[in-house]
S.K.: 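Shown below is the structure under consideration.
Letters go in sequence order (proteins before strands), and every chain restarts at 1.
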There are 2 protein chains.
Amino acid sequence: MALGKDYANQHCSIARALEVVGERWTLLVVRDAFYGVRRYNDFLVHLGAPRAVLAARLQSLVDVGVLDKRRYQEAPPRDEYVLTERGIRLWPVLRALGLWGREALPGTLPMRSFHHVACGTELAPAGDCPACGLAVPPADIEMRPGAGLDPDPADPVSRALLKPRRLLVPLELPPSESRRV
Amino acid sequence: MALGKDYANQHCSIARALEVVGERWTLLVVRDAFYGVRRYNDFLVHLGAPRAVLAARLQSLVDVGVLDKRRYQEAPPRDEYVLTERGIRLWPVLRALGLWGREALPGTLPMRSFHHVACGTELAPAGDCPACGLAVPPADIEMRPGAGLDPDPADPVSRALLKPRRLLVPLELPPSESRRV
DNA sequence: CCTGGTAGGTTCGTTCACTGAACCTTGACT
DNA sequence: AGTCAAGGTTCAGTGAACGAACCTACCAGG
């Protein structure tokens, strides 16, 4: 958000958090990372953000320790962006935002639902499993598509996200798909 | 965020929520509303946002039904901005952000803690009361200042927020205080 | 009647960030 | 040598945020 001076003297944890993840696109990048997106180009086609902005956001998320940039291939050199422990702790924020967007805003069909991978039960609003009575970490959550999703999206990342998927599992696009940008 | 086209075709509840509350200052306005701030000038001195931006944010929050603008005095005409039911449902978002800002970001002293007003117990991360085993609505939460707060802030709103306060209770500033802007 | 003060804004010029398009680099493949 | 893909950077144009000044309505004191 490039705020610095104004938010800095707010003496407030909420303001501090917003300094880090409050800029445009930032939380959507983190959301995609939970959905398994790891590569620059996949973020790009899924978000539709300008390349320069995406590069800046990825860099700043790495700088604050939310994402880790790591080499996954040497020739040609390719990096991927993976959520750190600190980034994974942002899940309750995304969860709360998504819940509010779905329930408090009018005329929204449910886009995705989140289930405990061990038992299939849909998670309670607080993020725990009603059946097991346990707090469910993001790695044990399965995302399932809902009625509000576009059934035939244009970009390959959205198409891959139409299938039920466990959070944080890297998204692997079929080679034929990655060509359609 | 004036995004419209880009976020709009994201088919995602998180993106929809961010369209509404994702702009700079917006969530801090909502936070202040939870703390009892209701008047334009109080938001202004506490946030330090430009007047034009604050006016635009308040108006857009009224437009989307998060705040209600209502006349509380006729002569001279004075309006106050109060959280609606829809706005109050944003509490889990602020809670999650504040928790992350405090626990995941380094070097932060706790600024405020939140307690169940019925028993005084500090709330669990999910927002429930560990002693009573109940989900606690914002109206039953008491905010208490923590070690990270500036003990002698410049503006009267920050000074008023140094005392333990129940959420959503309107902030009444002593007349002598409101003069020091 | 004149001045001053307060609440709640609007207007305006400057600065800064976002946008979209084009371009660049590295390495693999043919 | 030419082409392709990934992952960027650069750049001009636009829109939003910023800070200061100004405006309006009302009341109080001298």
Side-chain angles (χ1 to χ4, degrees), chain A residues 1-8 18-19 22-26 28-29 37-62 67 69-81 156-157 171-181, chain B residues 1-8 18-19 22-26 28-29 37-60 62 67 69-81 155-157 171-181:
Chain A
M1 215 164 247
L3 15 92
K5 55 190 186 317
D6 283 306
Y7 278 26
L18 288 173
E19 279 187 60
E23 287 168 299
R24 189 146 151 67
W25 300 113
T26 304
L28 294 183
V29 169
V37 178
R38 295 188 165 192
R39 312 235 281 251
Y40 179 90
N41 247 334
D42 293 344
F43 285 111
L44 196 66
V45 301
H46 191 227
L47 293 174
R51 304 177 77 93
V53 174
L54 177 61
R57 290 300 177 276
L58 288 171
Q59 185 56 54
S60 80
L61 285 171
V62 169
L67 293 180
K69 178 178 189 172
R70 60 191 192 200
R71 184 69 43 105
Y72 69 92
Q73 170 184 301
E74 287 297 338
R78 292 285 179 265
D79 297 315
E80 61 182 4
Y81 297 89
V157 176
L171 193 70
E172 304 288 352
L173 294 185
S176 59
E177 289 284 358
S178 44
R179 216 161 291 141
R180 300 181 44 182
V181 180
Chain B
M1 214 164 245
L3 16 91
K5 58 190 183 316
D6 282 306
Y7 278 24
L18 288 173
E19 279 187 59
E23 287 169 298
R24 188 145 151 70
W25 298 113
T26 304
L28 293 183
V29 170
V37 178
R38 296 187 165 192
R39 312 237 281 252
Y40 179 89
N41 247 334
D42 293 345
F43 284 111
L44 195 66
V45 301
H46 191 227
L47 293 174
R51 304 176 77 92
V53 175
L54 176 60
R57 291 298 178 275
L58 288 171
Q59 185 56 55
S60 81
V62 168
L67 292 180
K69 178 179 188 171
R70 60 191 193 200
R71 183 68 44 103
Y72 70 93
Q73 172 183 300
E74 287 297 337
R78 291 287 178 265
D79 297 314
E80 61 182 2
Y81 298 88
D155 71 283
V157 176
L171 193 70
E172 305 287 353
L173 294 185
S176 60
E177 289 284 359
S178 44
R179 215 161 294 141
R180 298 182 45 182
V181 180

S.K.: Would you mind reading off the distance between Arg24(B) atom CZ and dG19(D) atom C1', rounded to a whole angstrom?
M.R.: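 Spelled out: CZ on Arg24(B) to C1' on dG19(D) is 13 Å.
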S.K.: Please report the distance, rounded to the nearest Å, between CD in Gln73(B) and P in dT6(C).
M.R.: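 For the pair Gln73(B) CD and dT6(C) P, the rounded distance is 15 Å.
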S.K.: Whole angstroms only, please: what is the CG-C1' distance between Leu58(A) and dT9(D)?
M.R.: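 Roughly 14 Å, once rounded to whole Å.
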S.K.: Return no unless some side-chain N or O of Arg39(A) is found under 4.0 Å from OP1 or OP2 of dA5(D).
M.R.: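 Checking Arg39(A) against dA5(D): no side-chain N or O falls below 4.0 Å of OP1 or OP2.
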S.K.: Rounding to an integer number of Å, can you tell me how far Leu47(A) CG sits from dC18(C) C1'?
M.R.: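 Roughly 15 Å, once rounded to whole Å.
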S.K.: From the list dC26(D), dG27(C), dG7(D), which nucleotide is the closest neighbour of the side chain of Tyr72(A)?
M.R.: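 Nearest listed nucleotide: dG7(D).
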S.K.: Any idea which of dG8(C), dA6(D), dA17(D) is nearest the Arg57(B) side chain?
M.R.: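 Among the listed nucleotides, the one closest to the side chain of Arg57(B) is dA17(D).
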S.K.: Calculate, to the nearest 0.5 Å, the distance between atoms CG and OG1 belonging to Leu18(A) and Thr26(A) respectively.
M.R.: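 If I round to the nearest 0.5 Å, the distance is 10.5 Å.
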S.K.: Using heavy-atom distances to pick each residue's nearest nucleotide on DNA chain D, tell me which of Ala52(A) and Glu80(A) is more 5'.
M.R.: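 The answer here is Glu80(A).
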S.K.: Would you check, one step at a time, whether the test side chain to side chain contact (heavy atoms under 4.5 Å, CB included) holds for Leu54(B) with Trp25(B)?
M.R.: CA-CA 8 Å; Leu54(B) 176 60; Trp25(B) 298 113; over 6 Å; no
S.K.: From the options dT19(C), dG9(C), dA6(D), select the nucleotide whose nearest atom is closest to the side chain of Pro50(A).
M.R.: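 The listed nucleotide nearest to Pro50(A)'s side chain is dT19(C).
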S.K.: Just how far, in rounded Å, is P of dC4(D) from CG of Asn41(A)?
M.R.: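 So the CG-P distance, Asn41(A) to dC4(D), works out to 16 Å.
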S.K.: Any donor-acceptor pair under 3.5 Å linking the side chain of Arg24(A) with the backbone of Gly22(B)?
M.R.: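 No, the answer is negative, given that no donor and acceptor are paired below the 3.5 Å cut-off.
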S.K.: Out of dG9(C), dC18(C), dG7(D), which has the shortest distance to the side chain of Val53(A)?
M.R.: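 Nearest listed nucleotide: dC18(C).
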S.K.: Check whether any side-chain heavy atom of Arg38(A) sits under 4.5 Å from a side-chain heavy atom of Tyr81(A), and report yes or no.
M.R.: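 They are not in side-chain contact.
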S.K.: For dG27(C), take OP1 and OP2 only and decide whether either is under 4.0 Å from a side-chain N or O of Arg78(A).
M.R.: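 No, no such contact exists.
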S.K.: Quickly work out the Leu54(B) CG to dG9(C) C1' distance and round it to whole Å.
M.R.: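 Answer to the nearest Å: 10 Å.
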S.K.: Do Arg51(A) and dG20(C) share a donor-acceptor pair, side chain to base, under 3.5 Å?
M.R.: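 By the distance-only test, no, there is no pair.
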S.K.: Let me confirm one number: the NZ-CG distance from Lys69(B) to Leu67(B), rounded to the nearest 0.5 Å.
M.R.: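 Going from the NZ atom of Lys69(B) to the CG atom of Leu67(B) covers 11.0 Å.
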S.K.: Between Tyr81(B) and dG9(C), is there a side-chain N or O to OP1/OP2 distance below 4.0 Å?
M.R.: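 Result: yes.
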S.K.: Expressed in angstrom and rounded to an integer, what is the separation of Asp79(A) atom CG from dT26(C) atom C1'?
M.R.: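 Atom CG in Asp79(A) sits about 12 Å away from atom C1' in dT26(C).
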S.K.: From CZ of Arg38(B) over to P of dG8(C), roughly how many Å is that when rounded to an integer?
M.R.: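 My rounded result for the distance is 13 Å.
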S.K.: From the list dA17(D), dA28(C), dT19(C), which nucleotide is the closest neighbour of the side chain of Pro76(A)?
M.R.: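 Selected nucleotide: dA28(C).
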